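Just so it is clear, the structure is predicted and the values come from calculations on it, not from any experiment. The chains referred to below are lettered A, B, ... by the order of the sequence lines, with proteins before strands, and numbering in each begins at 1.
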Protein chains: 2
Amino acid sequence: MATMDKKNVSMNDVAVAAGVSLKTVSRVINEPDSVRESTRDKVHSAMEALGFRTNFAARSLKLGRYGCIGVVMFHLSGGAVDMIDGIADAAEERGFALTMIKKCAGEKMTLADAARRMSQLPVDGMIFNLRQMVDDFDTFEAPKDLKTVIITPMEHPTCSTVSDDQEGGARMACEHFLNRGHKNVYFVSGKKESLSSQCRMKGWRAALEARGIEPSEPLQGDWNADSGYAAGLVLADKPDCTAILAANDCMANGVMMALHDKGLSVPDDVSVIGFDDELYKTIPNSILTSVKFRHRELGIRALNEVVAGLEAPSSRSRTLVSGVLVERSSVKDLRA
Amino acid sequence: MATMDKKNVSMNDVAVAAGVSLKTVSRVINEPDSVRESTRDKVHSAMEALGFRTNFAARSLKLGRYGCIGVVMFHLSGGAVDMIDGIADAAEERGFALTMIKKCAGEKMTLADAARRMSQLPVDGMIFNLRQMVDDFDTFEAPKDLKTVIITPMEHPTCSTVSDDQEGGARMACEHFLNRGHKNVYFVSGKKESLSSQCRMKGWRAALEARGIEPSEPLQGDWNADSGYAAGLVLADKPDCTAILAANDCMANGVMMALHDKGLSVPDDVSVIGFDDELYKTIPNSILTSVKFRHRELGIRALNEVVAGLEAPSSRSRTLVSGVLVERSSVKDLRA
DNA sequence: TTGTAGGCGTTATCAT
DNA sequence: ATGATAACGCCTACAA
């Protein structure tokens with residue numbers, strides 16, 4: 001009478017228990033409307049009683065697809081959460097699950113490696129979340145039957161890519177300064193190897209050069225507040241410094257604290273803009289104007305692009321998700 | 001001559017191309033040592049030439065296991081990254097991949113739902129990351145053949161659980177105050193529905209009561225700095241307030257700013273401790289002493305517990321990962 | 001509306 | 001050291 005120890009309950013077991021054929025059970029699962037209600041109920045109770053769960057392996061072997069999208073995290077850091085969130089939501093909505101692996105092991109971190117590992121897993125397509133440069137970026141070729149989307153600001157010769165428009169965001173911030181009468185903008189960068197930092201710097205340069213302004217030497221930071229503070233101390237001594245763009249909010253805050261400690265006030269003496277719009281979480285009444293990227297949107301786009309590519313694997317696209325300037329009061333209008 | 005459009009390259013195709021039997025190809029993959037080297041080479045070249053990749057579905061159908069662990073994120077927030085990181089690393093190390101789904105949809109968020117969805121996916125076991133209460137927590141029973149570990153501070157009747165020792169962390173912080181001569185500790189909570197906040201509050205209460213101190217009414221916050229600031233304004237007016245425990249660093253910072261604005265200094269007039277040790281990222285020269293939890297370790301433990309349970313699915317354990325007090329200088333020793 | 005036969009691509013059991 | 005053959009559990013013709 002006790003529950004049997006049968007390893008796996010198959011559709012056949014259910015069929016026997018319900019006194020119907022195997023195919024009928026299959027129908028109850030896949031096209032319930034084509035089965036008489038009384039039969040359906042019998043089958044359902046049998047499934048319930050036996051604890052039947054459809055076998056993923058058998059199903060996908062037959063169907064030739066998995067209903068899963070692979071996600072490779074080359075870099076798992078703070079901003080990634082919102083992106084994963086977007087990917088996960090979009091996946092759920094389209095009936096896909098996510099198969100995730102991490103590939104951060106400093107030394108041998110190539111796209112080919114990641115692709116090889118992924119092709120052994122139950123995935124119909126994959127997303128690479130790449131925030132740093134890798135050796136084989138330009139030479140990498142995705143498996144023909146596995147649609148691949150790379151999240152990266154760089155263009156790729158064969159794969160679709162999705163990215164925040166970091167460069168555009170930086171340009172936007174600079175123009176915000178310049179349009180308000182500032183004659184120059186100083187820049188505090190993040191870690192050197194970070195692509196985000198590089199792109200933000202590029203945008204800053206481009207915006208200045210477009211107005212015929214020679215960009216000054218950027219100050220090297222490391223994303224954390226202390227490095228911003230150090231940069232702020234330096235900049236406080238530059239008489240021509242009225243505008244500072246910091247590559248993230250934490251450093252921007254460091255900059256502001258340094259200015260304050262030097263007797264300068266924001267925005268009356270110096271204006272500041274940061275990135276990521278997260279200071280308000282930590283600082284009460286935060287006044288920092290900041291460029292915010294829509295990471296969630298980014299994730300959604302990436303997933304949609306993969307799913308779209310399932311039909312046309314050879315298609316290639318480049319998606320840029322624009323940033324938004326969240327205005328508070330850390331920028332002074334010098335024209336006033 | 002051009003590459004054929006054959007949908008899938010199977011082991012059979014490789015076998016034919018290499019002029020060997022199907023089983024030999026299989027051997028080359030799974031037990032290479034039992035195949036003569038010359039044969040092995042032939043097979044390898046054939047695989048290369050045809051672009052063979054082993055079929056996950058067929059393999060797991062035969063093997064009866066997937067080599068994947070399911071992860072359900074009921075709540076995807078900042079602190080989660082480090083935990084996912086730990087899970088992913090531990091998984092990688094043990095040769096498992098992760099299959100992730102998100103279940104945040106406010107209304108109908110039950111463990112049974114999550115388990116049902118997971119049982120349709122290629123997983124050998126699963127981890128629920130639960131940070132809030134759900135309706136069916138106590139009544140939930142995991143599928144017998146799917147080892148389930150829940151990340152939650154609550155005890156579960158049948159499933160293994162893993163958690164930070166949030167209560168212990170809060171106690172530790174309180175004792176840190178009390179051992180330094182403080183006679184009372186005020187508490188600023190996080191969002192009401194958060195289990196973390198509840199546990200931290202519980203630990204605070206317990207520590208005070210253990211010393212015969214009547215806990216005052218906790219101040220309600222919402223995790224963000226502004227709510228901490230509001231609480232700080234209130235507490236600044238309490239003459240007996242020498243020690244404040246805030247349920248996270250952001251609110252602790254809000255509290256400190258309010259105290260400052262009220263002309264009180266930290267730690268000379270009032271001592272403060274926070275949670276999560278993340279303020280140093282945003283505030284230069286941060287002085288805040290903070291209780292830090294090892295989220296990465298938590299993830300590792302959770303994964304290891306699942307993998308261990310693959311052998312003995314019925315086992316049940318409860319793991320607590322202790323926190324660490326990161327001391328800076330926001331606490332004054334009143335005995336001095 | 002329901003049942004039967006075969007095959008998806010592996011791995012395992014035998015034999016050679 | 002290698003090969004033939006039978007499962008694994010599901011789905012899709014085709015038949016009844």
Side-chain angles (χ1 to χ4, degrees), chain A residues 4-44 46-47 50-68 119-124 143 145-146, chain B residues 6-44 46-47 50-68 119-124 143 145-146:
Chain A
M4 291 296 288
D5 272 67
K6 255 203 131 186
K7 287 274 175 153
N8 288 314
V9 182
S10 76
M11 276 176 48
N12 207 353
D13 300 324
V14 175
V16 171
V20 299
S21 85
L22 192 142
K23 176 55 188 172
T24 302
V25 179
S26 170
R27 273 199 240 277
V28 170
I29 295 170
N30 297 311
E31 25 176 352
D33 292 338
S34 71
V35 174
R36 195 187 304 152
E37 183 167 345
S38 61
T39 317
R40 218 188 312 159
D41 289 345
K42 267 195 305 186
V43 173
H44 273 134
M47 295 198 306
L50 274 59
F52 168 79
R53 301 182 296 118
T54 85
N55 182 306
F56 178 90
R59 175 172 236 264
S60 29
L61 175 57
K62 188 62 193 164
L63 261 40
R65 51 189 174 73
Y66 297 105
C68 296
S119 357
Q120 313 278 69
L121 295 175
V123 299
D124 302 322
D145 52 351
L146 217 50
Chain B
K6 257 204 128 182
K7 285 276 173 154
N8 287 314
V9 182
S10 75
M11 278 179 46
N12 207 355
D13 300 324
V14 175
V16 171
V20 299
S21 85
L22 185 75
K23 177 59 188 170
T24 301
V25 179
S26 171
R27 275 197 243 275
V28 169
I29 294 169
N30 297 311
E31 25 175 356
D33 293 337
S34 71
V35 174
R36 195 188 303 153
E37 183 167 345
S38 60
T39 317
R40 217 188 311 160
D41 289 344
K42 269 194 304 188
V43 172
H44 272 135
M47 294 198 307
L50 275 59
F52 169 79
R53 299 182 296 121
T54 84
N55 181 305
F56 177 90
R59 174 172 235 263
S60 27
L61 174 57
K62 191 62 192 160
L63 259 38
R65 53 190 170 70
Y66 296 105
C68 296
S119 352
Q120 314 278 70
L121 294 175
V123 299
D124 302 322
D145 51 351
L146 218 49

Sugar-phosphate only, base, or nothing, as touched by Ser60(B) at under 4.0 Å among non-hydrogen atoms: nothing
Produce the list of close N/O pairs, under 3.5 Å, pairing protein atoms with atoms of nucleotides 12-16 of chain C; give distances to one decimal.
residue: dA12(C); atom: N7; partner: Lys23(B); partner atom: NZ; Å: 3.2

Partner residues of Ser34(B) under the side-chain hydrogen bond (donor to acceptor under 3.5 Å, both in side chains) criterion, sequence neighbours left out: none
Spacing between Phe56(B) atom CZ and dT11(C) atom C1', to the nearest angstrom: 15 Å
Rounded interatomic separation in angstrom, taking CZ from Arg36(A) and P from dG3(C): 10 Å
dG3(C) OP1/OP2 closer than 4.0 Å to side-chain N/O of Thr24(A): yes
Nearest non-hydrogen partners of Phe52(A) and Ile29(A), listed with the distance: CE2-CD1, 3.7 Å
Exercise: identify the closest heavy-atom pair between Ala17(B) and Ala46(B): CB-CB, 4.2 Å
Donor-acceptor pair, side chain of Tyr66(A) and main chain of Ala57(B), under 3.5 angstrom: yes
Residue whose closest nucleotide on DNA chain C lies nearer the 5' end, Ser21(A) versus Arg59(B): Ser21(A)
For atom OH of Tyr66(B) and atom P of dT10(C), their distance in whole Å: 16 Å
Closest approach of Ser119(A) to Leu146(A) (non-hydrogen atoms, all atoms of both residues): CA-CD2, 4.2 Å
Nearest heavy-atom neighbours spanning Val14(B) and Met47(B): CG1-CG, 3.6 Å
Position toward the 5' end of DNA chain C (nearest nucleotide), Ala58(A) or Thr39(A): Thr39(A)
All pairs passing salt bridge (charged side-chain N to carboxylate O under 4.0 Å, His left out) where residues 16-33 of chain B contributes a residue, at least two apart: none
Separation of Thr24(B) OG1 from Met11(B) CE (nearest 0.5 Å): 9.0 Å
Exam field: side chain Asp13(A) to backbone Ser10(A), donor-acceptor pair closer than 3.5 Å: yes
Heavy-atom pair of closest approach, residues Val9(B) and Leu50(B): CG2-O, 3.2 Å
Euclidean distance, atom CZ of residue Phe52(B) to atom P of dG9(C) [Å, nearest integer]: 10 Å
Touch class at under 4.0 angstrom, heavy-atom based, for Met11(A) against every strand present: sugar-phosphate
Bend angle of the helix from dT1(C)-dA16(D) to dT16(C)-dA1(D), end axes from five pairs each (to 10°): 30°
Nucleotides bounding contact with chain B, strand DNA chain D, heavy-atom threshold 4.0 Å: dA1(D) to dG9(D)
Inter- and intrachain pairs under side-chain hydrogen bond (donor to acceptor under 3.5 Å, both in side chains), touching residues 52-63 of chain A, at least two apart: Asn30(A)-Arg59(A), Arg53(A)-Asp145(B)
